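Just so you know, these numbers come straight off a predicted model, no measurement behind them.
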Amino acid sequence: MKEKAARHGGDVFSAARELRLSWRDLLDFSANVNPLGPPPGLRKRLSEEFAITQHYPDPYAWQWRREIADRIGLSPDEVLAGNGTTALMYLLARALRPKSAVVVAPAFAEYERSLGQAGCKVRFVSCRWEDDLDITVDLADRVFALRPDLVYLGQPTSPAGRLIQPDILDHILGRARKEKIIVVLDEAFLDFTPAVSLAGSVRFNPGLIALRSLTKFYALPGLRLGYLTASRKLAGRLFECAEPWAVNSLALIAGSFCLDQDDYARRTRRLVDRERAWLADRLREIGLGRVVDSSANYILVKLDSKSPAEEELVTALKKHGLLIRGCSSFQNLAGFIRLAVKTRSSNLRLFEALKSVLKNQSAGEAGQ
């Protein structure tokens, strides 16, 4: 069986096979995961509870859904747990079967792929470079002019890390409510930003589905855990198509543990804010290209014409044991790269490697 080409960042295992290294020898800037790693004490907690794996998990994660619901003012019937938010995207496409959808681009590839597998016609409305890749009222008007059944938005957007301003979001949700259009708001990276989640507002926005991930903020991509919130009516349609035992028992224990890690959350935001600013300044300093101001734990860069081409840069850094995300798989982002924000020592290693690559390129051009 031929392996599928990677569409996303974070594929350290393929890179390790290619380089004949251990995955532990690679520093991954291609996946946007909390640089602090999982919360302190989680490994001990999972070890203490490991015996639970001899039993089937809670079929529909009722207890954990109740914990989520109690925190955001909903009922468990308005919350659905999943094996990461990507699994929930495929579930909602199967359950809702929209005939047409709009994805606000650039965006996560699985929006389109999940909808396409369900037979949905997917169209794109792209953020404009002259608007700093922001979602604007004009963009919203272009979306609604297509009269879709469903719209996908990122809050913040990925890979640009731009937040939708509250008044713009209110405009979009108000118009969607009036025109009976479902809006899926992907808040996978929201916890890294100062923005307020709308997951608890679905009762007042019956066409809103909010996607929430614990994978990124709590550094659990290998465990897989996320949830969505929706009105009882929409959630009920999703439950009808949901698979039992979709979330394993250790992931649910981790989810409960993470919900109480307030100090860890504050430390994460302080670190990401500081290191994002530091890394963005260093990228501008070496003239890599135009750096997009981000509110998330990643930075998008439009490579300068004097910089190495996207794939050349990805390959060159891989030789330094560093993985970055080339963005040609995103709509209209050929010639861009995305870099995760990590700790100072890791960011410094990336900065020094980038300087080395650019110096070598300049030396090579001078010798021609």
Interatomic distance, S213 atom OG to L190 atom CG [nearest 0.5 angstrom]: 11.5 Å
Value rounded to 0.5 Å, distance of CD in Q63 from OG in S256: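 Reported value, rounded in 0.5 Å steps: 7.0 Å.
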N-O pairing of R175 and D141 below 4.0 Å: yes
Crowding at CZ, R43 (>12 non-hydrogen neighbours, <6.0 Å): no
Smallest separation among heavy atoms of L259 and R71, with atom names: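 Scanning both residues completely, I find the closest heavy atoms to be O-NH1, 3.2 Å.
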Short side-chain to backbone donor-acceptor contact, R97 and A118, under 3.5 Å: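 Side chain of R97 to backbone of A118, a donor-acceptor pair under 3.5 Å: yes, one is there.
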I181-L185 co-clustered via ILVMFWY side chain contacts under 4.5 Å: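 Yes; L185 is reachable from I181 via cluster members.
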Polar side chain donor-acceptor pair, R128 to T136, under 3.5 angstrom: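 Absent: no donor and acceptor within the cut-off.
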E352/K355 under salt bridge (charged side-chain N to carboxylate O under 4.0 Å, His left out): CA gap, chis, key distance, verdict: CA-CA 5 Å; E352 294 297 335; K355 285 200 300 183; 3.5 Å; yes
Check: T315 side chain, E311 main-chain N or O, donor-acceptor pair, under 3.5 Å: yes
Heavy-atom pair of closest approach, residues P148 and S100: CA-OG, 3.4 Å
Cluster check W278, V272: I/L/V/M/F/W/Y, side chain < 4.5 angstrom: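 No.
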ILVMFWY cluster, L238 and V151 together (side-chain gap under 4.5 Å):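 No; V151 is not reachable from L238 via cluster members.
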Closest non-hydrogen atom pair, L279 against A340: CD2-O, 4.0 Å
Under-4.0 Å salt bridge between R282 and E285: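 A salt bridge is present here (some side-chain N lies under 4.0 Å from a carboxylate O).
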Joint cluster assignment, L169 & L139, ILVMFWY side-chain distance < 4.5 Å: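 Same hydrophobic cluster.
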Heavy-atom closest contact (L220 atom, C258 atom, distance):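 Minimum heavy-atom separation between L220 and C258: CD1-SG, 4.0 Å.
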Other residues, nucleotides, ligands: >12 heavy atoms within 6.0 Å of R344 CZ: yes
Pair E48 + R45, salt bridge at N-O below 4.0 Å: no
Side-chain donor-acceptor contact under 3.5 Å, E112 with Y152: no
Residues L358, I286; criterion side chain to side chain contact (heavy atoms under 4.5 Å, CB included); working and verdict: CA-CA 8 Å; L358 294 175; I286 59 175; 3.9 Å; yes
Check: N83 side chain, A87 main-chain N or O, donor-acceptor pair, under 3.5 Å: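 Checking the backbone N and O of A87 against the side chain of N83, no donor-acceptor pair under 3.5 Å is found.
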Step-by-step side chain to side chain contact (heavy atoms under 4.5 Å, CB included) determination, L234 to L96: CA-CA 8 Å; L234 273 179; L96 301 180; 3.9 Å; yes
Lys/Arg N to Asp/Glu carboxylate O, R142 vs D138, below 4.0 Å: yes
Donor-acceptor under 3.5 Å (D132 side chain, D134 main chain):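 No.
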Side chain to side chain donor-acceptor pair (under 3.5 Å), paired with D191, selected from R212, K216, R269: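 Looking at R212, K216, R269, the match for D191 under the side chain to side chain donor-acceptor pair (under 3.5 Å) is R212.
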Side-chain donor or acceptor of E78 paired with backbone N/O of S75 under 3.5 Å: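 Such a contact is found between E78 side chain and S75 backbone.
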R349 and S346 side chains, donor-acceptor separation under 3.5 Å: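 The answer is no; no qualifying pair exists.
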Rounded distance (nearest 0.5 Å) linking atom CD of Q261 with atom OG1 of T268: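 So the CD of Q261 and the OG1 of T268 are separated by 10.0 Å.
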L317 vs L313, side chain to side chain contact (heavy atoms under 4.5 Å, CB included): CA-CA, chis, key distance, verdict: CA-CA 6 Å; L317 288 174; L313 188 57; 4.2 Å; yes
Contact check, side chains of P98 and I182, non-hydrogen atoms, under 4.5 Å: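 No - every pair of side-chain heavy atoms lies 4.5 Å or more apart.
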Exam field: side chain S307 to backbone L288, donor-acceptor pair closer than 3.5 Å: yes
Salt-bridge contact D293-R284 (side-chain N to carboxylate O under 4.0 Å): yes
Step-by-step side chain to side chain donor-acceptor pair (under 3.5 Å) determination, T86 to E110: CA-CA 7 Å; T86 299; E110 299 303 329; over 6 Å; no
Option from E275, K342, R276 for which side chain to side chain donor-acceptor pair (under 3.5 Å) with N347 holds: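 Of the listed residues E275, K342, R276, the side chain to side chain donor-acceptor pair (under 3.5 Å) partner of N347 is E275.
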CZ-OG1 distance between R162 and T193, expressed to the nearest 0.5 angstrom: 12.5 Å
Any donor-acceptor N/O pair, N34 side chain to F217 backbone, under 3.5 Å: yes
Exceeds 12 heavy-atom contacts within 6.0 angstrom, atom CD of E243: no
Nearest-0.5 Å distance that lies between atom CG in L323 and atom CG in L27: 8.0 Å
Donor on one side chain, acceptor on other, E310 and S328, under 3.5 Å: yes
Residue pair L214 / G255: nearest heavy atoms and the distance that separates them: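 Looking at all heavy atoms of both residues, the closest pair is CD2-CA, 3.9 Å.
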Residues R267, D263; criterion salt bridge (charged side-chain N to carboxylate O under 4.0 Å, His left out); working and verdict: CA-CA 6 Å; R267 288 191 295 115; D263 181 63; 3.3 Å; yes
Side-chain donor/acceptor of R224 to backbone N/O of A251, under 3.5 Å: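 No, because the side chain of R224 does not come within donor-acceptor range (under 3.5 Å) of the backbone of A251.
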Ionic contact status for R17 with D11, cut-off 4.0 Å: no
Distance (rounded to the nearest 0.5 Å) between I253 CD1 and L225 CG: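 So the gap between those two atoms works out to 11.5 Å.
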Any I324 side-chain heavy atom under 4.5 Å of L350 side chain: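 I324 reaches L350 side chain to side chain.
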Cluster link L115 to L211, ILVMFWY, side chain under 4.5 Å: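 Looking at the clustering, L211 is in the same group as L115.
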L91 vs C241 side-chain heavy atoms within contact, under 4.5 Å: yes
Side-chain donor-acceptor contact under 3.5 Å, S126 with Q331: no
Validation row: F351, L348 side chains within 4.5 angstrom (heavy atoms): yes
Residues L228, T85; criterion side chain to side chain contact (heavy atoms under 4.5 Å, CB included); working and verdict: CA-CA 8 Å; L228 64 76; T85 51; over 6 Å; no
Using a 3.5 Å cut-off and no angle test, enumerate the donor-acceptor pairs between side-chain atoms of residues 296-304 and protein atoms at least two apart in sequence or in another chain.
| unit_1 | atom_1 | unit_2 | atom_2 | d |
| --- | --- | --- | --- | --- |
| N297 | ND2 | N32 | O | 3.2 |
| Y298 | OH | T157 | O | 2.7 |
| D304 | OD1 | K306 | N | 2.8 |

Pairs meeting criterion ring-ring contact (aromatic ring centres under 6.0 Å, His included) with involvement of residues 221-266, two or more places apart: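 Qualifying pairs: Y56-W245, W64-Y227, Y218-Y264.
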For I135 against L153, the heavy-atom pair lying closest together: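 Nearest pair, atom of I135 first, then L153: CD1-CD2, 4.0 Å.
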Plane angle bin for Y111 and F108 - parallel if under 30°, tilted between 30 and 60°, otherwise perpendicular: perpendicular
